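This report concerns only the one structure given below.
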There are 4 protein chains.
Amino acid sequence: MSPPQPRRKPTQARARATVDAILQGAAQVLVDRGFDGASTNRIAEVAGVSVGTLYQYFPNKEAVVVALIERHCDEQIALLQAMVGDMVAAPLPSAVRTYVAALIATHDRDREVHDAIFRQAMHLGLPSLQRIHDGTRTIVRAYLEVHRGAILPDDLDLAAFVLVSMVEGMIDTAFFVTAPPNREALAEEVSRVVLRYLLGHAD
Amino acid sequence: MSPPQPRRKPTQARARATVDAILQGAAQVLVDRGFDGASTNRIAEVAGVSVGTLYQYFPNKEAVVVALIERHCDEQIALLQAMVGDMVAAPLPSAVRTYVAALIATHDRDREVHDAIFRQAMHLGLPSLQRIHDGTRTIVRAYLEVHRGAILPDDLDLAAFVLVSMVEGMIDTAFFVTAPPNREALAEEVSRVVLRYLLGHAD
Amino acid sequence: MSPPQPRRKPTQARARATVDAILQGAAQVLVDRGFDGASTNRIAEVAGVSVGTLYQYFPNKEAVVVALIERHCDEQIALLQAMVGDMVAAPLPSAVRTYVAALIATHDRDREVHDAIFRQAMHLGLPSLQRIHDGTRTIVRAYLEVHRGAILPDDLDLAAFVLVSMVEGMIDTAFFVTAPPNREALAEEVSRVVLRYLLGHAD
Amino acid sequence: MSPPQPRRKPTQARARATVDAILQGAAQVLVDRGFDGASTNRIAEVAGVSVGTLYQYFPNKEAVVVALIERHCDEQIALLQAMVGDMVAAPLPSAVRTYVAALIATHDRDREVHDAIFRQAMHLGLPSLQRIHDGTRTIVRAYLEVHRGAILPDDLDLAAFVLVSMVEGMIDTAFFVTAPPNREALAEEVSRVVLRYLLGHAD
DNA sequence: GATGAATGAGGCTTCATTCAT
DNA sequence: GATGAATGAAGCCTCATTCAT
């Protein structure tokens, strides 16, 4: 409803620390008491500031959650980019395996927080997940372009979409919906799916 | 001696109609105003009954949403089963294409309602999605068993998990997170992924 | 607010049984769930009838509670009268001891029910307790009249009032407020109070 | 270094005023509309604050009533103690008459409020009345100890219990159940009961 | 800048009561 | 006579938000 932008840019170090505390508190409360138990008063309390202070940096409750999600997404993307940084140079099979492993690792960090935030993102129907998806897709698409000659799919846009949404979606399912029958073998099997799709084989 | 018909069948018919109305109302409100805007009073009003009546059939607000999700899941599963009924007899490639098409069709029916309910399911962390997943997985696993000799994967449990979660997750992503670059070609491309995973080729 | 009289006199045996069941249910619920948990629906359910039936015999909820209290008071008075029936003929000391013992016995019967009903009577500020008091006082006053020559007090009205309210009040306190230090000796000590008041000694 | 005055004494003063206002309001409403008519909204309104404020100081409705009862009990006990302060030094007969008069006076102050609160205490089955009783009993017991040689009863615990519960119970009855035939003579007659119990005579 | 007491709309839920069957 | 589904006013309580200090 109201602009999800922070009311004032926290230029001073003290202010930034306050905002950080609030977001930490928000994450904490989200994890501990679920969405409906996350009131601004509670968040402020856990953050160790007063509600008034919270409202000095965020125009309303939603803005806090949005900011939290945004920050989380940024971290996720940064994490992913760091992990796949030199993937481009690698041969396709090992690149894929690295990518899948990175994605899974990404979900393993801060499971609870990730989970809580993910649910909120779904709940609020926010474009944050799309940001993650699109960012990832761009990276993948670029990679496919480089290897265009070696892979089966022609439509690289579509291929990138399918790859990212499939792998991401699957991992989300594995983490949020139902546990896989064999957690150890999961990464390898997913990699096989991808490799067979791209190459026709998984060697 | 006693009347062959239980005394209040008609009453039950009325009650069932009431429950239906409430669930309809809940779906309606969920779509229109989102979860937080879905108050029991609003639901009752849209359903055309009084709050009191709602509470005669559901112990609390969450129960209404849960019932709605459950019903939706049942419908989804029934729909899927109807569509893949004679898939078993079909050759693998066309079976896969049927399955994928069915899944997509399933998402196309009642887009908005499905969307709203799906979000709630995620939000509430309910096992309903798991039910869908597990149901589907059982079907798929049985199918793979039949074709065991013709496919590459050994671990059929894992294969079934990967297939279902991947395809389902991907379609969810396509519908809820970001639109695919080429909606027409999507089904075929997903089918290809599956077929190459199972056979090494997609012919 | 509305007349506390039953809507229709239950002339038939069946109807009387129904009324009984309802009052039983009311007592039950009052004991089990306290006053605020005693809803007409619950009472009807426990009584094994439908709410509608309850409302055929009682105009509103209060009427049920009032009827219950009335019935209880009647029982109490009858019980008391039975116990002190031939007290008049007895010599004063043993008469007093009989009376006190009867009062205590009266409180011991159906402790829980008595307790619950007593609280309601207080709560509703009903004249029922007054009925018990006045009834008892009349009996006592008559007895004192007979023994006028043998006792110290002149004002028999006042004496009867003091005796009844004191003994009754004390027993209520003993039962509802705090336990006496010596339950066994209580009756004898109370009797002594009364006898010394009447005679100057307790022999 | 740090300010010698804690930062929000004024705040606390304000808060205390608010709590007072709420309790006043509660007493008011209890008297005016009875327990069932005493809604938190009504109490807050009469107190001149918003419901939210009420709930900032009390976790629920019952807590308000309990606090009110507690405060009332404290006042009663303090009042009593003030009145009987130098009773110990007095000779028995006048001490008893002072005590009885004090108790009656205690009931005369704020009749309506006292009445309403007393009913609630019974209704809620709270130990508040017990507190009053036990407090009083301790005082009486100490007094009896001092005069042990001059009185008839041996078991001082029992005697104290009988005295307090009897006198208190009787006065409660006189005030809440039925009016005494001769209000003026009541105190003297009660004193006689007590004195004859303790001494065998009332001079 | 920070604080936290105060606000009050609004959510969830209960329950006395009615009335069509 | 009996039933019990339906009603809806009203109660308790929470929480996003403001503002005087």
Side-chain angles (χ1 to χ4, degrees), chain A residues 1-2 8 10 12 14-15 18 36-45 49-64, chain B residues 7-8 10-12 14-15 17-19 36-45 48-62 64, chain C residues 1-2 8 10 12 14-15 18 36-45 49-64, chain D residues 7-8 10-12 14-15 17-19 36-45 48-62 64:
Chain A
M1 297 298 162
S2 24
R8 351 175 309 105
Q12 291 159 23
R14 169 111 152 298
T18 302
D36 292 341
S39 69
T40 49
N41 281 292
R42 200 116 60 194
I43 289 173
E45 189 188 14
V49 301
S50 79
V51 224
T53 301
L54 185 154
Y55 275 90
Q56 217 131 40
Y57 292 104
F58 299 94
N60 52 47
K61 180 189 176 178
E62 189 178 313
V64 178
Chain B
R7 199 185 296 164
R8 53 185 189 43
T11 306
Q12 290 192 3
R14 173 129 82 105
T18 301
V19 168
D36 292 341
S39 70
T40 48
N41 281 294
R42 201 117 62 195
I43 291 173
E45 189 185 13
V49 301
S50 81
V51 225
T53 300
L54 185 155
Y55 277 92
Q56 213 143 42
Y57 295 104
F58 301 94
N60 52 48
K61 179 188 175 178
E62 189 177 313
V64 178
Chain C
M1 299 297 167
S2 23
R8 350 175 312 105
Q12 289 159 27
R14 170 110 150 299
T18 302
D36 293 342
S39 69
T40 48
N41 281 292
R42 200 117 59 196
I43 289 172
E45 189 187 12
V49 302
S50 79
V51 225
T53 300
L54 186 155
Y55 275 90
Q56 216 133 40
Y57 292 104
F58 299 94
N60 53 46
K61 180 189 176 178
E62 190 178 312
V64 178
Chain D
R7 198 184 297 163
R8 53 184 190 44
T11 307
Q12 288 191 5
R14 173 130 80 105
T18 301
V19 168
D36 293 341
S39 70
T40 49
N41 281 295
R42 201 117 60 195
I43 290 173
E45 189 185 13
V49 302
S50 80
V51 226
T53 299
L54 186 155
Y55 277 93
Q56 212 143 42
Y57 295 102
F58 300 94
N60 52 48
K61 179 188 175 177
E62 189 177 313
V64 178

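Please read all numbers here as calculations on a predicted model, not as lab measurements. By convention in this document, chain letters (A, B, ...) are assigned in the order of the sequence lines, proteins followed by strands, and residues within each chain are numbered from 1. Note: hydrogens, waters and symmetry copies are ignored here, and every other heavy atom, side chains too, is used.
- Backbone-only engagement by B:N60 is indicated by non-hydrogen atom pairs under 4.0 Å involving sugar-phosphate atoms exclusively.
- Using Watson-Crick or G-U wobble geometry with both donor-acceptor distances under 3.5 Å, F:dT21 finds its partner in E:dA2.
- In this structure, B:A44 reaches neither bases nor backbone, as no heavy-atom distance under 4.0 Å exists between it and the strands shown.
- The interatomic distance linking A:Y57 (OH) with E:dG1 (C1') rounds to 7 Å, in whole Å.
- Going from atom CD1 of B:I43 over to atom P of E:dG11 covers 11 Å, rounded to whole Å.
- For E:dT14, neither phosphate oxygen OP1 nor OP2 lies less than 4.0 angstrom from any side-chain nitrogen or oxygen of B:Y55.
- Side-chain N/O atoms of B:R42 include one lying less than 4.0 angstrom from OP1 or OP2 on E:dG11.
- Within the nucleic acid shown, B:S39 comes within 4.0 Å of sugar-phosphate atoms alone, with no base atom in reach, counting heavy atoms only.
- Dashed line: the shortest gap from a side-chain N or O of A:T40 to OP1 or OP2 of F:dC15 is not under 4.0 Å.
- Using atom P as the reference point in both E:dG1 and F:dT21, the two lie 22 Å apart (nearest Å).
- Atom CG in A:N41 sits about 15 Å away from atom P in E:dT7, given to the nearest Å.
- Here the P atom of nucleotide F:dG4 and the CG atom of C:L54 are 14 Å apart, to the nearest Å.
- A:D36 comes within 4.0 angstrom of the backbone, heavy atoms only, and of no base.
- With a 4.5 Å cut-off on side-chain heavy atoms, A:L54 and A:V64 count as touching.
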